[in-house]
Amino acid sequence: MRAVWLREFGGPEVLVPGTAPDPAPGPGQVLVDVAHANITFVETMFRATGFGPFDAELPLIPGNGVGGTITELGPGVDPALAGRVVVTATGGTGGYAERVVVDRSAPVPVPPGLALDAAVALMADGRTALMLARAAGLRRGDRVLVEAAAGGVGSLLTQLAAASGATVVAAAGGPAKVAGLRAASLDLAVDYRQPGWTGRVRDAVGAVDVVFDGVGGPLAREAFNLLDPGGRMLSFGLAGGAWADIPAEAATARGVTLLSPRPGLDELRALTEAALAEGAAGRLRPQIGQRFPLDRAADAHAAIEARQTVGKTLLDVR
């Protein structure tokens with residue numbers, strides 16, 4: 001089968017198209033013919049440095065989320081699973097390929113009415129956005145700041161916040177991304193690369209009640225300083241290169257709660273199913289901003305690292 005290999009850590013060019021042996025499902029496993037593979041920012045960091053949640057040794061095939069059709073079953077697997085269209089995590093590796101083998105319990109069925117590519121775009125980002133929105137306890141009238149609002153998770157958070165009746169402040173880096181946010185008719189869109197961006201937020205809405213931090217680093221501290229007493233801050237990304245470093249004592253002094261939900265495996269699956277259901281109902285609309293064929297995975301990584309992407313980036317495998 002066709003696949004993309006990572007044999008050394010480095011720039012995007014270390015992602016090299018090639019071939020790999022066709023996997024075969026063992027007892028309790030299924031084989032998925034992959035149509036689309038999800039790319040995350042964390043995968044670009046792992047490729048560059050080896051940093052990340054994946055416990056694997058080189059060489060390997062990267063990729064942790066795919067969508068496709070179950071075409072082969074291992075011994076002991078319910079025959080009804082054959083032919084089912086699903087999304088699935090791969091356990092951290094193997095996703096940038098035409099076929100993957102996973103445990104029979106891993107795939108999540110794609111509900112009727114939801115396109116497979118949209119399901120792949122929602123699989124990780126949708127469950128993350130739902131998890132964060134629920135943990136924040138969004139209420140009508142809240143003033144909500146979403147950083148990295150043009151990204152995959154951020155764009156879904158703006159939808160969830162708006163649906164809750166909140167005032168939504170969407171922050172992104174660069175005029176093109178901000179223009180796209182303004183076209184989405186959000187309450188306010190600001191460019192956090194511009195000096196004085198927090199002042200523009202205060203002029204428009206005053207302080208804020210919730211910060212969804214997708215950037216980290218110094219920008220997260222600027223956003224933290226916008227919070228009113230009683231506010232909540234949740235971090236979901238490190239587009240700035242480092243996680244938010246807000247001391248607990250600083251939050252306590254301000255009367256701000258730092259929330260870090262840690263769902264278990266069963267809750268993650270339930271969140272994934274809920275995100276797909278919301279997508280099928282039209283209440284969550286993932287933005288697939290970029291698509292690359294499998295053999296151009298390096299170009300996809302380069303675009304993400306250059307901050308040239310919006311929404312979700314997918315590899316189209318078939």
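In what follows, residues are counted from 1 in the order of the sequence shown. From a predicted model like this one, the values you see are computed outputs, not experimental measurements.
- Minimum heavy-atom separation, L132 to F212: O-CE2, 3.7 Å.
- Here the side chains of L81 and L73 are in contact, with some heavy-atom distance below 4.5 Å.
- Annotation for G92 and N64: closest pair N-OD1, 2.5 Å, computed over non-hydrogen atoms.
- In terms of modelled atom types and a separation under 3.5 Å, the side chain of K312 and the main chain of I39 share a donor-acceptor contact.
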As a quick check of understanding, evaluate side chain to side chain contact (heavy atoms under 4.5 Å, CB included) for I70 and V86, giving each step before the final call. CA-CA 7 Å; I70 295 175; V86 299; 4.0 Å; yes
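- Counting heavy atoms from C-beta outward, T93 and I61 have side chains that stay 4.5 Å or more apart.
- By the 4.5 Å side-chain criterion applied to Ile, Leu, Val, Met, Phe, Trp and Tyr, V168 is assigned to a cluster that also includes L181, L186.
- Atom CG of L130 is separated from atom CZ of R127 by 11.0 Å, given to the nearest 0.5 angstrom.
- Residue L31 belongs to a hydrophobic cluster whose other members are V101, with links defined by side-chain heavy atoms closer than 4.5 Å.
- Judged by distance alone, the side chain of E278 and the main-chain N or O of A275 form no donor-acceptor pair under 3.5 Å.
- The environment of E57 atom CD is sparse: at most 12 non-hydrogen atoms of other residues, nucleotides or ligands sit within 6.0 angstrom.
- No side-chain heavy atom of D33 sits under 4.5 Å from any side-chain heavy atom of E98.
- For R104 (side chain) and G76 (main-chain N/O), a donor-acceptor pair under 3.5 Å exists by modelled atom type.
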Could you walk me through whether E147 and E222 pass the side chain to side chain contact (heavy atoms under 4.5 Å, CB included) test, one step at a time? CA-CA 11 Å; E147 301 168 24; E222 295 179 50; over 6 Å; no
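- At a cut-off of 3.5 Å, with distance as the only test, no side-chain donor of H36 or D117 sits close to an acceptor on the other residue.
- Residues L160 and L259 share a single hydrophobic cluster, defined by chaining ILVMFWY side chains whose heavy atoms lie under 4.5 Å apart.
- Atom CZ of residue R143 and atom CZ of residue R202 lie 9.5 Å apart, to the nearest 0.5 angstrom.
- Hydrophobic cluster of V205: the remaining members, joined at side-chain heavy-atom separations below 4.5 Å, are L145, V169, L188, V190, Y192, W197, V201, V208, V211, V215, L219, F224, L226, L227, M233, I246, V256, L258, listed by chain and number.
- A distance-only check finds no donor-acceptor pair linking the side chain of R99 to the backbone of V34 [under 3.5 Å].
- Contact annotation: the side chain of P12 approaches that of R47 to within less than 4.5 Å [non-hydrogen atoms, C-beta and beyond].
- Nearest heavy-atom pair, L314 versus N38, reported as atom, atom and distance to 0.1 Å: CD2-CA, 4.1 Å.
- Under a 3.5 Å cut-off, the side chain of E13 and the backbone N or O of A298 do not form any donor-acceptor pair.
- Of all non-hydrogen atoms in A136 and L234, the two that sit nearest each other are CB-CD1, 3.7 Å.
- Side-chain contact between V102 and V30 is present, with heavy atoms from C-beta onward closer than 4.5 Å.
- Inter-residue side-chain proximity for L276 and L114 is flagged as met; some heavy-atom pair is nearer than 4.5 Å.
- No donor-acceptor pair under 3.5 Å is formed between the side chain of T69 and the backbone N or O of T71.
- Note that the OG1 atom of T309 and the CD atom of Q290 stand 5.0 Å from one another [nearest 0.5 Å].
- Q159 places a side-chain heavy atom less than 4.5 Å from the side chain of R285.
- Among residues at least two apart or in separate chains, there is no salt bridge (charged side-chain N to carboxylate O under 4.0 Å, His left out) pair with a member in residues 164-192.
- The structure places OH of Y96 at 3.5 Å from CD of E43, a figure rounded to the nearest 0.5 Å.
- Applying the side-chain contact (heavy atoms from CB on, under 4.5 Å) rule to P286 yields the partners A118, A121, L122; only residues at least two apart in sequence or on another chain are considered.
- When every heavy atom of A89 is checked against every heavy atom of A106, the shortest pair comes out as O-CB, 4.3 Å.
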Is there a side chain to side chain contact (heavy atoms under 4.5 Å, CB included) between V66 and V120 once you walk through the steps? CA-CA 6 Å; V66 300; V120 175; over 6 Å; no
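- In the hydrophobic cluster analysis, where Ile, Leu, Val, Met, Phe, Trp and Tyr join through side-chain heavy atoms closer than 4.5 angstrom, V87 is grouped together with L271.
- The shortest side-chain heavy-atom distance between L15 and L6 falls under the 4.5 Å cut-off.
- Between the W243 side chain and the S235 main chain, no donor and acceptor come within less than 3.5 Å of each other.
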Report the C-alpha distance between F46 and F9 in whole Å, list the side-chain angles of each, state the deciding distance to 0.1 Å, and finish with yes or no for side chain to side chain contact (heavy atoms under 4.5 Å, CB included). CA-CA 8 Å; F46 177 76; F9 299 120; 4.1 Å; yes
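- Within the 3.5 Å criterion, the main-chain N or O of G231 finds no donor-acceptor partner in the side chain of D228.
- The distance from the CG atom of D213 to the CZ atom of R221 is 12.5 Å, given to the nearest 0.5 Å.
- Following chains of ILVMFWY side-chain contacts shorter than 4.5 Å, one can reach V100 starting from V4, so the two form part of one hydrophobic cluster.
- Looking at every heavy atom in both residues, M1 comes nearest to A97 through CE-CB, 3.8 Å.
- Cluster annotation: L294 and I288 are assigned to distinct hydrophobic clusters (Ile/Leu/Val/Met/Phe/Trp/Tyr, side-chain heavy-atom contacts under 4.5 Å, transitive).
- Note that the CG atom of L138 and the CG atom of D209 stand 10.0 Å from one another [nearest 0.5 Å].
- Heavy atoms from other residues, nucleotides or ligands lying under 6.0 Å from CG of D78 number more than 12.
- Transitive grouping of hydrophobic side chains (ILVMFWY, heavy atoms separated by less than 4.5 Å) brings L157 and M123 into a common cluster.
- Looking only at distances, no side-chain donor or acceptor of R291 sits under 3.5 Å from a matching main-chain atom of G289.
- Within the structure, every pair that satisfies the salt bridge (charged side-chain N to carboxylate O under 4.0 Å, His left out) test and touches residues 232-254, not counting sequence neighbours, is listed here: D142-R232.
- In this structure a side-chain-to-backbone donor-acceptor pair under 3.5 Å is present from R269 to S105.
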